[in-house]
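The block underneath contains the structure these notes are about, expressed in structure tokens.
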Amino acid sequence: MYASEQAWREVDAYFVDTLVPEDEALVHARRSGGATTMPQAEVAANQGKLLALLCGMSGARRVLEFGTLAGYSTIWLARAVGRDGHVTTLELEPQNAAVAADNLRRAGVAERVDLRTGPALKSAEQLVEAGTEPYDFVFIDADKPSNPAYLKASLALTRPGSVIVIDNVVRNGAVTDPDSVDDRVRGVRTVLADIAADDRLEATALQTVGAKGWDGFTVVRRVR
Ligand code: DHB
Ligand code: MG
């Protein structure tokens, strides 16, 4: 066991100071997480930049995000797709969506972001029904029990070559418990099993430590 979670945080602070400058809009968006229903649940700065890099590496122009919160990761993603790119981000809570809308304006990306308020699965189904052009990159970071449903919706809204990233797959280690009665743990285990069983998908999962404690994410590539 690692003795010092403090050391993880110090290393993250060093990495962020060295490689991940945040402008005023990102700093404000991160701090305004305190005005949402889930303070501190946004990704760390170096994780936001990883999402942006993955978008850039995969040439993503169209991004779909489940779970906006204050729009911190949304800003990273919207900047990564560039002026001609597009982000659709889905948020359940009107209170959070209002905070996010203000942050997206401050960051200068509001015109390239479609922020939809309401149950994310319903919004995603509306996108499917509307025959929305496929997304190149999906970030699933909303309520964890719905992860399997969000993956299914993502498969209806992507194409071969698309990338899907799922946040928070560690659940403080509880993810290894096949008998867990925690719906969030079950949501993670089920989505990982669904990914493994789907021959359209190739995936890995990584644990992370740092500013957000002990957690991790799954990276999925849709190959067909
Ligand atoms: C929780 C959700 C998140 O998306 C996150 O990044 C951290 C925590 C949560 O449900 O507690
Ligand atoms: Mg998260």
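Atoms within a ligand are numbered from 1 in the order they appear, just like the ligands themselves. Side chains are part of it too, since the values below use all heavy atoms of this structure and drop only hydrogens, waters and symmetry mates.
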Close N/O pairs between ligand 1 and protein, under 3.5 Å:
unit_1   : atom_1 : unit_2 : atom_2 : d
ligand 1 : 4 (O)  : D141   : OD1    : 2.7
ligand 1 : 4 (O)  : K144   : NZ     : 3.0
ligand 1 : 4 (O)  : N168   : OD1    : 2.7
ligand 1 : 6 (O)  : A41    : O      : 2.8
ligand 1 : 6 (O)  : D167   : OD2    : 3.2
ligand 1 : 6 (O)  : N168   : OD1    : 3.0
ligand 1 : 6 (O)  : N168   : ND2    : 2.8

**N-O pairing of R184 and D143 below 4.0 Å** =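 So R184 does not pair with D143 through a salt bridge.
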**Request:** Using a strict 4.0 Å threshold on nitrogen-to-oxygen distance, state whether R79 and D23 make a salt bridge.
**Result:**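 Judged by the 4.0 Å cut-off on N to carboxylate O distance, R79 and D23 do form a salt bridge.
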**Message:** Checking N103 against S32: is there a side-chain donor and acceptor pair closer than 3.5 Å?
**Reply:**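 Yes, N103 and S32 have a side-chain donor paired with an acceptor closer than 3.5 Å.
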**Prompt:** Does a donor on one side chain and an acceptor on the other come within less than 3.5 Å for Y72 and E22?
**Reply:**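 E22 and Y72 do have a side-chain donor-acceptor pair below 3.5 Å.
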**Request:** Decide yes or no on side chain to side chain contact (heavy atoms under 4.5 Å, CB included) for W76 and L50, but give the supporting numbers first.
**Result:** CA-CA 9 Å; W76 278 107; L50 177 65; over 6 Å; no
**Message:** As a test of understanding, state which of R159, R62, R61 forms a salt bridge (charged side-chain N to carboxylate O under 4.0 Å, His left out) with D136.
**Reply:**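 Looking at R159, R62, R61, the match for D136 under the salt bridge (charged side-chain N to carboxylate O under 4.0 Å, His left out) is R159.
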**Contact flag D167/the Mg ion (ligand 2), N/O/S atoms, threshold under 2.8 Å** =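 Under 2.8 Å: D167 contacts the Mg ion (ligand 2) through an N, O or S atom.
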**Message:** Can you tell me which N/O/S atom of D141 has the shortest distance to the Mg ion (ligand 2)?
**Reply:**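 Sorting the N, O and S atoms of D141 by distance to the Mg ion (ligand 2) puts OD1 first.
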**Prompt:** Hey, is the main chain of L69 close enough, under 3.5 Å, to the side chain of E91 for a donor-acceptor pair?
**Reply:**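 Such a contact is found between E91 side chain and L69 backbone.
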